[in-house]
Every structure is written in C-alpha cells, then in structure tokens.
Asks: 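Submitted below is the structure of interest, expressed as structure tokens.
Chain letters run A, B, ... following the sequence lines, proteins first and then strands; every chain starts at 1. Please read these numbers as outputs of a predicted model, since none were measured by experiment.
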Amino acid sequence: MSNDAGARELGRRAFLKGAATGTAAMATAAPGLAEARARTDEAAAPEAAVAAPPPNASQIARELSASPPASLTPLVTRPGSDLMVEVLKQMGVEFAAANPGSSFEALQESIVNYGDKPNTMPEFITCLHEETAVDMASGYGRAEGKPMVALLHGTLGLQHAAMAIYQAYYGGTPMLIIAGRDDGFIQAHTADDMAAMVRSFTKWDAHPKTLPEALAALQEGYRQATTAPTGPVVVVLDTEVQKEEAGDFAVPAYRPPVIAGLDAAAARRLAERLINAKNPRINVGRLRTPQGVRQAVQLAELIGASTSSQATVGPMSFPNRHASCGPGAATDYDFTLGLEIGPADVALMGPTIASIAATRDKMGVAFGGLRAKPSPPTAPLAPMAVKIGETIGLDAEASLPGLIAAVQILLTAERRDAIAKRAALTAAANRKANVEGVRKALTVKRTGWNSSPVSLARIYAELWPLIENEDWCLASPSVLSGSHHRELWAHNKPYSYLGLPPAGGIGYGAGACAGAGLAARERGRIIINIQTDGDMNYAPGALWTEAHHGLPVLSIMHNNRAWHQELMFLTFMAGARGRGTDRAHIGSTLRNPFIDYRKMAEAYGVAGEGPIEDPALLRAAFKRGIASVKAGRPYLIDVITQPR
Amino acid sequence: MSNDADTRKLVGRRGFLKGAAVAPAAMAVSAPELADAQTRVAVQAAAAASAGATAVPAPTPEQVARETSATPPQTPTPTVKVPGSDLMVEVLKRLGVEFCTSNPGSSFEALQESLVNYGDKPNTMPEFITCLHEETAVDMATGYGKAEGKPMVALLHGTLGLQHASMAIYQAYYGGVPMVIIAGRDDGFIQAHTANDMAAMVRSFTKWDAHPKTLPEALDVLQEAYRQAITAPTGPVVVILDTEIQKAEGAGVAIPTYRPPVIPGIDAATAERLAARLLAAKNPRLSVGKLRTPEGVKNAVKLAELVGASTATQSTSGPMSFPNRHPACGPGADTAYDFTLGLESGPADVAMMGPTIASIAALRDKMGVAFGGLRASPAPTTAPGGGGSKIGEKIDIDAEASLPALIAVVEKAMTPARRRAIADRVAKNAAANQKATVEGVHKALEAKRVGWNNSPVSLGRIYAELAPLIENEDWCLASPTAFSGSHHRDLWNHDKPYSYLGPQPAGGIGYGAGASAGAGLAARERKRIVINIQTDGDMNFAPGVLWTEAHHGLPVLSIMHNNRAWHQELMFLEFMAGARGRGTDRAHIGSTLRDPFIDYKKMAEAYGVAGEGPITDPNELAAAFKRGIASVKAGKPYLIDVITQPR
Amino acid sequence: MTLSSKLAIVFLALAAAFAGGASAQTAGDPARGKTLYFDHGCYGCHGYQGQTGARNLVGTNSPIIAKPEVFLFFLRQRGNFLPMIPSTAMPRFSEKALPDPQALDIYAYIKTFKLDAPDVASIPVMGQIEASAARAYQAGR
Amino acid sequence: MKIVIVSILALGFAAGGAVAAPAGGDPVRGKQLYYDHGCYGCHGYGGQTGAWNLVGTSSPIVNNAQAFLFFLRQRGGFSPMIPSLAMPRFSEAALPDAQALDIQAYIKTFKLDAPDVDSIPLMGQIEASAAKSYDPGK
C-alpha cells in the first residue's frame, strides 16, 4: 500500500454520490485523493465540486434507475444477524455494550430492529469508548456471575479494549466479546487473524466461516465463558456472515455446559468428616454464581459450621454477617473444608486462568503471575503460601449439591439438635465478635472525623445508615479509599462488593460501576461508586452512558487531585536521591488547574453537586444522591478528600 | 496462581506505610489479613502487621527508637551516586528530544524522578507532559511527529500501558510516524504489570523493539531506537527499561556519542540520468508526495524552481509536501508534461519511492495477524484507499535523501541558455497556476455558499470564516477533516510542511484530540497556533486531553464539529435498516449522542479550558473565532462548541 | 431477470407516473413532516434545511421533489440491492418503515425549504479569501 | 552503626537538650512547605489521617527540633528496588533546616479534634446495625 494511501482526501459533495456508484466505477479519472478517514470510510471518488444547477433528464433517469453495483445481492428477508440476536436472546444475554462501528452494522441493526420487542434482551448499550464497553461487561459479570456481550469494531476495537480484556482475563470474569470483521472495506480495520492480538489474554476465540458455524460459535463461546476457569471469549463475525440470507435455517437449541463436581463416593466421605467434626469450619472463597453462594449457606447451616468469607474483598462469597460467619465459639476447628480457598484440611479448588495461560500465550509474552517462573514473595498480589491439607481439583460450586445431599442423608435426629446447639453458640460468639470489631474499627476511624478535606472513613461511615436498608452494590475498587466498608458494612449479598481491578489497572472503576448499574437497573438495586479521580479521567464518557440509559449509579468522588500512589512513590524516590521532593508533584498530580467533576458530570447530563469540603454536608448530599439513583437518574457528588 | 488470586491483597490502611518499611525483612503472614490492593501500582508489599489497628496513644520510647533507627531491610541497596536514569535523560537531551508524554506509573518512577529533578534546568528538554490516558500520550507523540518530522518520547507503564495505548501505537505504525516509546518494567512488583516479553504484544505494529539488560546497553539502545525511528520506513519503536537499570549506579558509565543514521540516496549515475531528463524536458513536472522532514520540502521547492517544473502536491491532504500555492504548484501553462519525476508519489514517468511500513510488516508480524493493507493478499479494489497511481519506473530509494545529489548535478549542468528558457517557463507556469488557483477558489466558494446562513451551521461556513483570521498567523490544522468536509483544501493556503497533518493514519476515531494537542506541543515552542476542527465522537474517547492542554498551556483552538452522533454509523445504519425495510426511525439507537446532548463548553470548563457555545447562528462565528485565536496566541487553549450540519 | 430488463420496467413505471398525472395524493402536514425528517434521519445526509450534505433538496426542479407520486416511488426503490460494504447511498424506505401519509408529511416539509444562500460577491469573507488567493506568494510567510 | 546513632540521639534527649535549640519555625510558611513537599500525601492535611499520626503524640520527632531534623536527614542509606511508601529522606539540599522547622511549627498547630465514638450519633447507628441479627431476605 503506497505511502500516500493515508493521504487521500475526499471532497464533501462527492462522498455520498461516490459511495452509491463507488462499487461499480472505481476508476478515478483525475487522481482524486480520498482521505481514508473514518472508522468507516467512503469509496474514493472524483472531488470536483458539483454546481447547484437543476439536474437534467438523464441525471434523473440515472438517479431513479440507480444502476445497482456489480455485486448485486438479492433482498435479504431473514438476515443472518437476526438469527444471531435470536441465539443471544435464548441464552438470556441481557445487554450488548458497544462503541458503534461499521463492521457490525448488520448485527447492530438486528439488535435494534429484530423481533416483536426490538432492542430488548439484548439491549444495545451505547458507550463512548470500547474500554468502557468491556469494563461494563466486567462489572456486570462480577455482579451477576454470567456473561453479557461487548461488541468491538475490528482491529481497532480489540486494540482500544485490550487492557479491559486483559483485566477480565486476569479476574476470570465471564464475558462474550464479539469482534466485527469487514474484509472488503477499510483495510486497516481488518486482518486475517484479528483475535491473535488478544489470544494471550482471552480464554477462547473462534472465527466462524458460515452462518451455522457462527451460531454454534456464539453458543460454544457462552459455554466456555461460564465453565471454570471462567473468563472472556472472542467470536469474530464477518460482515458477510451477518448479512447473508439465512433462508429457513433453524436456530440450534442451546445446551448449557456440564461442570464436573465431586462424585457420590467422595461426597459421602467428605459429608461424614463434616458431620463427625465437633467444631467444623468452612472457608469460602469466590464461587461462580449466586446459586453457589446460596448452597454454601445451606451447607453451613446444615452442619452448624463456623465460616470465613471473602465477601469484603470480592463478589460471590459467603454473607459476612450471617450467623455462622466469624470465629465461632471455639477456634480449635477439628475439620476445615475450603471452597475455592485455603487454609483447609480438604479444599475444593477448581481450575484457574493460570492452568490455561501457557496454551493461550502463543506469542510468549509470559505475563507475570501466569508464567512458569514463580512471582517473588515481596510482590503484592502474589499468591500467599497458604496451608492446605488435601486439594481436590474440582469446581467447588458444582460439588455443593452432591455434598448437601450426602450430608442430609447422614443427619440423624440427635445430630440435628447437637448441630442446632452448636449453631446457637456460634451465632452468639460471631455477633459479639462483629460488634467488637466494629467498635474497635470506629475508634480508629474517628481520627480526622471533622477534618477538611474530608476523611475517607467519614464517607464510608456516613453512607452506611443511608444504604443499610437498600439493595446496594459497592461496585468500585476501594483500597485507594481505605476500604473502610470492610469493617463497617454488612456484605450479605453475592454482589455486595465487586472487588479490586483484577490486574490492578486504573480506569476499570468507572466502567465496572456502570456495568453493575445495568444489572441493578433491571433488579431495583442501587450502585455505590467511591470513584477515584485518576480512574475517572481515563474514560469519563461512562457518565454519559449512565445518563443515556438511566443507570442507578451514585458516584462519590474520592478527589485527592492526584494519581496519589505515584506522588507518594515519587516523593520517596526524590528523597532517596536527596533532591527536589517539592517537585515530585510534577507529572503525578492533577493540579493547576483542578478538575471540576460536578461540571464534568453536568456536561454529560448527570446531575451533580460539590465540591464538598465540609464533612457535615455529606449526609444531606448522600440522601439527595440516593433518592436520585433510586428514581433511575445517576448522580455525582464531588468530595475533596484526604489523600489516604 | 489460584482463581482467587485477586482476592489476596494488600494490607489495610494503617499498615500500608509502616508495613512497607519493613516488608522485605519479615514476610511471615500471621493472620492472613487479606485486603484488596488495586491501584495501577498497588500498594507496597504486604506484611500483615498485627491484626488490630494501632490505637492513637502517644508512641512508646522504643517505638521512637525503632522509628528513628528504621532498621533498613535485609538487602539495603545503597543510594547510588549517579542514578542510571539521569544518564538516560542526558542521552535523550543530547538527541534533542523535546517532550516526554506519559500517564504516570511506578515502573518508570526512577526515570520520571530524573526527568523532573536532573540537570541544571530540570524538566526541560525533555519536559514531562502529564496525560490522563496512555492513548493520548501516544497520539500526542503522533501529532508532534507528523508536524516536526522527528520523534519525541511516550512513556508507558508495563503491560497495562502498552495495552492502553495499542490502538494509538497501531495508528503511528500505519502512518509511519517517527516516535520512541519507552515502557517501564518492574519485575519484582505487581506481577500483572510485568511480563517476560512485554513488547511481543505490540511487535506486529511497531518498527523495532529492544529490551536492554544493563545500563550501558540501555544508553546505546536509546540511541539506536532514535535512529530506527527516523530511518525510512519511519515509525514507532519500543524500548523496555527495567527498574533495576533505571536505579542502577551510573557513576563511571560513559554516555556514547550519537552517530546519526546515513539514509542512502540515489547514486551519482542515477542523479546524472534524472537531471538530464529534467533539463531536456520542455515541460517537466514534479509529483511530490509525503517527504520525511521540512528539510526535504525545502529541497523539493529548490529543485522545482531550478528546473522550472510545474508540481503536483499532497499538502492539502497530509504533512511534509510541496506548498500548494507556490508559483510552481498547479497544472502549469501546458498540461502535456513530457517528463514527470515522482518524489514518494505517482503518477510519474520515474518515481523515487523509499521503503514503506508494508516492506517490513511480514518480518514484524510474528503472531500472523496479517493486518489488511499490510498482508500478502492485495486489498480488494472496492476498498477505500486501495487504488495506487500509475508509475513508469520506480526507484526504491528515499526521495528526500536523493534530492541534494540531484540538485547539485542540475546546478552543475545549468547553462545561461537553459536558465533563460527555464525562467521564461517559470513565469508562464506561475501565471497559469495563479489563474487556476483563483478560479478554483471561486468555483469552490460558489459551491460552499449553499447553506451559508443555515442553522445548524454549515461546515463550509466554518472553514471560510476561519480563512481570513488565520491567514497571517503561523497555523497548523492538526485534526482530520474528512468528516467536516475538508473545505480547507480549496480555501486555505497550505504553504508549510505542517499546514495540514492529514487523516487518522488507520482511520481510527479518537486520534484527532490527542494529535492536535501533540501539534500544540510543537506549536508552543515555535509561536505557532493549532486549529482543531474537533468531531464530537472523536473527542469523547479521551477528553482528558483538554486538561493536558490547559495544564501545559498548549495553543490549541478546538472548534467542535458537533453533529451529535457518530454520524458515519448513523448513515450506514439507516441504509441497513432501509435495505431490510424496517425501522429507519430507530437507526439512531447506538449511533447518536442524543438524550442527553453533551455540553462541550461545560466539559472544557471542567478541565480548566475557556470555552463558549453552543453556537447555532453562523453570524456569531467570526467574533467567536477571533476570541479563540487571541486566547491561544496568549498560550491559553480555547474551545468553541458549534452545532453543525451533519455533513 | 437480467439487469437491462429491470431497467426497462423502471422506465415504464416512471413514464406512466409522469404522463398519467396520477391522482394528486392528499397533501402532507409539514409540521409532522419536520419531526419525521429528523426521526428517519433525512437530515443526516441532506442537512437540516436540505442545502448541505450530499444532495440538494432545494433550488432543484428534479421530479422526485416536484411530484409526490415520484417521491413516493423513489423512496420505495432500491429494495433489491445491498452492497456488501457499508454504504451511505440513499436508503430504501419501505411502506412498513415509512407509510405513505408520513412520507407525504416529509414531502410537504421538504417543499418548505428555500435556497437562501447569498451570492459570493455579497459575502465579505469570501471576498477576503479570493483576494488572498490572488496575492503573490511570499516564501517566508 | 545504626545502634550508635540511636544511642547518641537518646543521650541528646537525656542530657536535657543541651544542644542549642534552633530558632522556632514560622507555621504560615510551614503550611505551604507541608503542601509543596507532599507531607500531606501520607500524613493527611491535618496530620490525623493517612499513615502516621502527627497529632496528639509526644514523640520527640514531632516535638523536638533536632530529633525532627535528624529524622528527616535519616535513611540516606537505602533505596529499595521496588517502589516504597516509607518516610522519604529530606536532604538539606531539598529542604534546608529553616524550612524544615517551619514545617515542624505548622505540625505543632495540629489538634486532635476527633470526637469520641459515643458522641457521634452516626457511629451509634452503625454499631446498632452490627448487632442486628442476620436477615437473609435483606
């Protein structure tokens, strides 16, 4: 492709007329320079400007006849993309988030127009950046434990969303990514093997050649995404396959995956050890779906075991204020069962992304944490060596039904009341531990209570009484704002807290909260988003998507006016080198000018207030915010906060 | 790493600092206090201090002792006398790198500290430019590279930085824009941010990459990277710098002297041959495409004037081409050219065409992605941008590097008789070209007057109103213009190498805002102003670039082409819906920015950029543009929101 | 059915419409037409006042605009082709998507467009542009 | 070597601060320097939030001028390879003594204004909710 291919520029007038006849007559008389410009470009055409005299008879005839292009394709009555929408509908895909692109124009048209209730299940969600579309799918996937669709436009879409896809992979979040491919149009947007660019950080990908293959690939993609190790999958859909006539091809029925759990014998053995234990304990990590969490609660109640939970650090774990959750009456547990976590005498640990990393990483990138070489002990996020007796490499959630059934068989009358007695003691001990824990936490968190800029503990504390009786979901990563919710709030739902950005990538928070907002809107939930300023500034367009689709997201800015982690590191570096600690703010802070987040929100159509510097004003503002989001209108409150 | 690795986190608030000081020493985890660490850099190594949070009472004496003695970790790395990163900054300084755009990250904290604190005039040449997204950092480097024809540095944080900027890197590659990308690597810190071969992720769309293992090697690699970036085919290069090397001891390490690359031009024989044909021709013509540097453009003008050739230019559709209103530029007195010499462009009898990215694509694409336009199978003729133009003899040599030799031979062969004939031809061509220009403008204005008083505002009116206001300024139109009708091509005088920076190199939306800010960096140092006709879809990808413009005082006047849609998609979808005979009134779903409309003046003000609008009455344009130009000439970026006709 | 035969049929239908002075359709309502002109995206390619964009709807005596029947016929056209690559040509508006009464409302609204473009000479800024084009080239500036 | 420094320091205290006490700093200038050098970054604007409390403490580092200066100049000896959030070193070049004392003067103006738990109604509500028994529905 000659060097100046990019330099062709198309005149205004000609762009439409040229397009109509473009396909038929490509010969450019004068060297008409068409600018290969848009994500969806035009055919090159002579650039002479058209004068405005009235068209003569021959022009009218040509206009009317509109000589069809050489590649005449007969009218399509049942386009392939309609069947694709039907397949997604049958699998219960609620949303398809996308930044529009011509390579999936046919699929977008079907989503918007096909069916008796068009643009529902899946509903087309308009995003201002592909990164936001995939981060929304992450937020939704972590809250619901099942995939939604993110639509990306060819090579550019996959590149624009690369970091978001990497974080979904690292976090094992189920997601169905569809990349449109239009091999005959703008060449820079297509490639022979587009998915190769993201193969090393996706779980599975396919590039079907025909419509039947495409429908099967969408179903297999959904299965792969929801089977342990869950994660993002990519299906590349050519525009020809989307636009071709399906005729009377029937949509294949979807067969959900079968995930292997404990066999009956193993379940019985484990049930016996649980029943015979005097002081059994169950450590619950991150399960796959809300169904799994319900069964873990059922098992704990059946056995009267005390439990530990990850609910305060991520989704899909044991309700942390459940009567059985806590240290229990006595901490000398004689048998510990681990569900996707240690320490435990017996731990049910399903396969993780690390187990498939090598097969996917054909490029040999060898990401840290997924590569053969173990990560150094000093590295944060590195897996901590935790004592596990016997590890059973089976999916914990899939094993629970069998285990529960086995336990129920063994439950005799006197075992039931022994368990009941133990359960009562455990409940009382746990409640006492809860109350003490909160008391101790409050004594620490009261420092800086009335200080301005506002202390973060004050924000989390003021929020709790206002959301306690709401169906809330804290969707934003909280470690940068002190994670005060962990001691003060009750995390009793699978989606109470959606955890940190899986690969520690900043920019994930805004999109994830909007994605959780999609799930919330359909279920009468509200989303709490303690939004760090650095994270918001990558793709703030998520605010417009929240306004456009009426997502119930309350964003409270943790506005410390910096990428504060960097500021602290740089101050240390400058100190270590004995120079310019007063210049460490260069490049690591958002000063001069300060960004006005209320104005930014209002620019996107989101009601907002602030900046609030006086902590006494917080409660009233939060009340207004909660009222607004409960009425389906997102709301943003800018709070100037202590940096940590 | 188990599935719930992401739930194993760092330590709670209190512990995060105290723990950090002693972390390397004592890693034993008592109670597994799992806290979620999340930032790009995540907090220090976790040493789960005592489970309970410390109360507030006054520290006991031995706490004071421990505090003051601050037992250093087991492997105390003595502070270095001369940090390695200082030497890296010195290498960049001597290469003349003016700017280093970046979104901060811990994997290059040492290099950032040196950029900010090293040298008698710290944080100048290169100056650290703060961006809110890595994509913007690389797009700015692309805008600067297109305007100046030489590279600056973009600093990215590990795997996340390369991923976040990968579309912008792909566009720099596709457009052949010279740029040095440095990716920090901290293998001992957050594992998700590092990898053994990070550059593999972007190898198929970068020109060259290296991962030096020692400080001296790193200094050489930085110089080699600069050379690779500016040697044809120019393009983006990646250097991975480990934090160990940035923090290594640099005392005694010499900074290598930089040897600029020698880019081969035509040999003497070819120069003789071409000069002869140019001088023999009665009506010679030059076809000038996109050269590499402003130096090349100067020589092309010199050659045209010497041989009295009429010239064809691409300066109205991209940078580094022949000034389009130079007397030599245009059809000339007689369009029967008997010899046409092409410089990086056809149509031509003989064309000197340097190597393009396509020539190295296969070698770089180890993953087998095979991008369209760069793959073996030729682009289908229907594809836009696919058509090439007719070239007789193609000489695979860099045109710019060949010009000095060619000019020398022509000057030597000049005789008084030839000089007179040429002078006569030059005069005739100049008159003919002038007439053609004036006629062309009149015809264009005739067409563009339609819709002149329309509200929403016609795009022709915007470009026309700007023309007289910027005519006497040193301006650079940095934004792609195909969506706003490219009216500058007929109405404006493109007489500088940076007059118009051309389209998105790979047709990727989101490039425009960053490229304009990048051109603003070059403009700030050279008293230039940047005109940015900003489409709304493009602005909405990474609008944080407005803050960077305000923070660094970049002279960028952004005029919103606000048609409240990704309008190309709306038209395509309407056609699709029409073809399927359903819901053309629903084609706006997913392709428009309606309900609510975005207020770009308010968005600009949120980032600290002065703005006005939305303007719907075209008669208000001139006054608004005057205010805007005055503001940017005073070093303050300005945004004017104009509600426009969609096309 | 070959291409040329298709064209023949089109011409016959067209001729009939012109010659026969088909029954005047009931006049459309421009007010409703204005919202429909926006909803169906006509503004997208023809501009809000029919003067900008790809094809002028004002100051033209093309029969498509001149006669409502031809306008309706023209909207229903092009059912039979869908080029594989994205196109911004005139879309087809089927009866289902845009019933006749609504199409006539749009037609009525289009009839309200007037060419209000002043001529070049009366626009000062255009004069400045022409003057600058006529000026001699100074290398340095 | 470390132990020696500590002992000298201790002696300094024990000897009743025989060493000449440098002149007190100016809190107004100190406030700006506290911001410029990023002290707020880890200690909070009021010295109460963040990593290490500067308020309501009798630690000599905060209250004694030489100890404060000595503490700032400390830790020249190490820069760990991985990013660190520990107390940075503030060399004389970066932060001359006079300015350091200005900062100390400003730190001394901090007051522990945290009300105790029982006097904050909100905290009562939080404790009450913690005491509530688990209700699966909600």
Asks: Between B:Gly544, B:Ala312, B:Pro543, who has the most heavy-atom pairs with chain A when the cutoff is under 4.5 Å?
Replies: B:Pro543

Asks: With a 4.0 Å cut-off, would you call A:Lys599 and B:Asp599 a salt bridge?
Replies: no

Asks: Quick one: what part of B:Leu162 sits under 4.5 Å from any heavy atom of chain A, side chain, backbone, both or neither?
Replies: neither

Asks: Which region of B:Glu446, side chain (C-beta onward) or backbone (N, CA, C, O), has a non-hydrogen atom less than 4.5 Å from a non-hydrogen atom of chain A, or is it both or neither?
Replies: neither

Asks: Under a 3.5 Å distance rule, please check whether A:Tyr604 uses its side chain to pair with a backbone N or O of B:Met603 as donor and acceptor.
Replies: no

Asks: B:Trp547 side chain to A:Pro593 main-chain N or O, any donor-acceptor pair under 3.5 Å?
Replies: yes

Asks: Between A:Asp183 and B:Arg375 (salt bridge meaning N to carboxylate O under 4.0 Å), is one present in this structure?
Replies: yes

Asks: Hydrogens and angles aside, do B:Asn103 and A:Tyr538 bring a side-chain donor and acceptor to less than 3.5 Å of each other?
Replies: yes

Asks: Can you tell me which portion of A:Ile125 sits under 4.5 Å from chain B's heavy atoms? Options are side chain, backbone, both or neither.
Replies: neither

Asks: What part of B:Ser321 gets within 4.5 angstrom of chain A, counting heavy atoms only: side chain, backbone, both, or neither?
Replies: neither

Asks: Mind running ring pair (Phe, Tyr, Trp, His ring centres under 6.0 Å) on A:His129 and B:His133 for me, showing each step along the way?
Replies: CA-CA 12 Å; A:His129 197 301; B:His133 196 303; 5.7 Å; yes

Asks: Taking only Lys NZ, Arg NE, NH1 and NH2, and the carboxylate oxygens of Asp or Glu, determine whether B:Asp197 and A:Arg371 approach each other closer than 4.0 Å.
Replies: no

Asks: Is A:Glu109 paired with B:Arg582 through a side-chain N to carboxylate O contact shorter than 4.0 Å?
Replies: yes

Asks: Counting distance only, does the side-chain N/O of A:Trp544 pair as donor-acceptor with the main-chain N or O of B:Pro596 below 3.5 Å?
Replies: yes

Asks: Under a 3.5 Å distance rule, please check whether B:Arg580 uses its side chain to pair with a backbone N or O of A:Ala106 as donor and acceptor.
Replies: yes

Asks: Please answer whether the main-chain N or O of B:Asn117 pairs with a side-chain N or O of A:Arg583 as donor and acceptor at a distance below 3.5 Å.
Replies: no

